[in-house]
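These notes concern the structure reproduced below.
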Amino acid sequence: MKPRPAAADQAARRGGLRRDAERNRDRIVRAARELFAERGLAVGFNEVAHHAGVGVGTVYRRFADKEELIHAALREPLGELAEVAQRAGEAERAWDGLELLLGSITELLVDNLGLRDVALGGGGWRLGRTTVERVAEVLQHLLDRAAAEGDLRDGVAGDDVVMILWLVTDLAQHSVQVRPGLYRRYLQVMLDGLRAAPGRSPLVEKPTEQQMLTICRRWAGAPL
């Protein structure tokens, strides 16, 4: 049998190393996706490496920093978030769009706490900013339309919706072992509180923009 040229052996080894690197990267992304969804973005590289069955050095070789890993792990969920906003923004009546937007977003954020941290984190995580800003634009447009159509309570702002999403998704974490899906009851109660109705008392003063950012970043465990 004719011996293989050294160059061919080297090419084969490089190809094998590339395939190994790709497999390791896929394992790391899957592990990160699972851990971020279950526990949020506070999960570190050591935990991801252990869950993926690789050394932590392998994680650092594949990803320059945590945000790069988060971006890879949450690319698909962020896409789903954008699709929800698109559908909601096309609703004929704004209130129907708001119900669709809040109901669907809540489902996504309950199922993926990492996505919740990015979507509601007050800009503490840079990734996904384009998607989050687009969702915020759709939300504000629906709120403006709902107010013009007489369906929205006076004084309601986009920040109020963000707080509602934090509260309901936090409730979901504490009730899932006792009563899965209970959060939907309280989302309904809060949605009803946003709707225009006779005899509504004026809302108390809303937080400032800086207060809102600080609250959201602390809730998400994001850099302040």
Side-chain angles (χ1 to χ4, degrees), residues 40-41 74 77-125 128-175 181-197 200-222:
L41 299 185
L74 296 186
L78 282 166
E80 293 176 11
L81 199 62
E83 290 175 9
V84 164
Q86 179 70 26
R87 293 199 309 273
E90 294 170 352
E92 184 173 349
R93 191 164 186 88
W95 186 260
D96 294 335
L98 281 172
E99 288 188 322
L100 171 61
L101 184 66
L102 269 66
S104 299
I105 284 180
T106 301
E107 295 281 350
L108 290 172
L109 303 190
V110 165
D111 289 340
N112 193 322
L113 298 185
L115 180 65
R116 183 188 75 163
D117 290 349
V118 167
L120 305 181
W125 299 102
R129 184 165 294 176
T130 300
T131 299
V132 173
E133 288 176 350
R134 175 56 184 154
V135 173
E137 288 173 2
V138 170
L139 171 62
Q140 190 58 56
H141 181 61
L142 288 170
L143 290 173
D144 292 342
R145 284 179 55 203
E149 292 166 2
D151 290 329
L152 189 70
R153 182 177 183 172
D154 287 343
V156 172
D159 288 349
D160 298 317
V161 174
V162 173
M163 284 291 99
I164 286 172
L165 290 171
W166 272 121
L167 291 166
V168 173
T169 55
D170 220 33
L171 168 66
Q173 291 185 71
H174 296 289
S175 61
L182 179 63
Y183 68 89
R184 296 187 182 94
R185 172 183 175 88
Y186 296 97
L187 176 62
Q188 182 182 358
V189 170
M190 290 183 178
L191 275 169
D192 286 346
L194 297 181
R195 194 157 197 171
R200 293 285 194 200
S201 300
L203 292 170
V204 299
E205 184 180 358
K206 72 184 188 72
T208 66
E209 182 178 352
Q210 186 56 52
Q211 289 170 338
M212 187 70 183
L213 287 172
T214 301
I215 291 168
C216 287
R217 289 174 179 174
R218 286 180 174 174
W219 217 323

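All values below come from the heavy atoms of this structure, side chains included, with hydrogens, waters and symmetry mates left out. Note that the structure is predicted; figures quoted are calculated from it, not measured.
Leu101 contributes atom CG, which lies 8.5 Å from atom OG1 of Thr106 (distance to the nearest 0.5 angstrom). Put simply, CG on Leu142 and CG on Asp96 are 10.0 Å apart, with the number rounded to the nearest 0.5 Å. The line from CD of Glu80 to CG of Leu115 is 8.0 Å long, rounded to the nearest 0.5 Å. Between atom OG1 of residue Thr169 and atom CG of residue Asp117 there is a gap of 9.0 Å, rounded to the nearest 0.5 Å. Here CD of Gln211 is found 12.0 Å from SG of Cys216. Values are rounded to the nearest 0.5 Å.
Enclosure of atom CG in Asp154 is not indicated, since only 12 or fewer non-hydrogen atoms of other residues, nucleotides or ligands lie within 6.0 angstrom. Within 6.0 Å of the CZ atom in Arg200, the count of heavy atoms belonging to other residues, nucleotides or ligands exceeds 12. Dense packing is recorded around CZ of Arg87, with more than 12 heavy atoms of other residues, nucleotides or ligands lying under 6.0 Å away.
The closest donor-acceptor contact from the side chain of Arg116 to the backbone of Gly40 lies at 3.5 Å or more, if one exists at all.
When the options His174, Glu107, Gln188 are evaluated for a side chain to side chain donor-acceptor pair (under 3.5 Å) with Tyr183, the one that passes is Glu107.
Considering only heavy atoms from C-beta on, Trp95 stays 4.5 Å or farther from Glu149 through its side chain. When side chains are defined from C-beta on, Met190 does not count as touching Leu102, because their heavy atoms never get closer than 4.5 Å. Taking the side chain as every heavy atom from C-beta outward, Leu98 and Leu139 approach each other to under 4.5 Å. A heavy-atom distance below 4.5 Å is found between the side chains of Gln173 and Leu113. Contact of the Val110 side chain with the Arg184 side chain is not registered, since no non-hydrogen atoms from C-beta on lie closer than 4.5 Å. Looking at Glu137 and Arg134, their side chains come closer than 4.5 Å, going by heavy atoms from C-beta outward. Looking at heavy atoms from C-beta onward, Asn112 lies in side-chain contact with Leu74 at the 4.5 angstrom threshold. In this structure, the side chains of Val132 and Arg129 stay at 4.5 Å or more apart for every pair of heavy atoms.
Evaluation of the side-chain contact (heavy atoms from CB on, under 4.5 Å) rule for Gln210 yields Thr208, Leu213, Thr214 as partners, not counting sequence neighbours.
Across all their heavy atoms, Ser104 and Val84 have their closest contact at CB-CG1, 3.6 Å. Heavy-atom minimum distance, Ala94 versus Ala146: CB-N, 3.4 Å. Here the closest heavy-atom approach between residue Gly121 and residue Ala220 is recorded as CA-CB, 3.8 Å.
Identified under the ring pair (Phe, Tyr, Trp, His ring centres under 6.0 Å) test for residues 139-161, with sequence neighbours left out: none.
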Run the side-chain donor-acceptor check on residues 156-168: report pairs under 3.5 Å with partners two or more places apart or on a different chain.
| from | atom 1 | to | atom 2 | distance (Å) |
| --- | --- | --- | --- | --- |
| Asp160 | OD2 | Ala157 | N | 2.7 |
| Trp166 | NE1 | Leu120 | O | 3.3 |

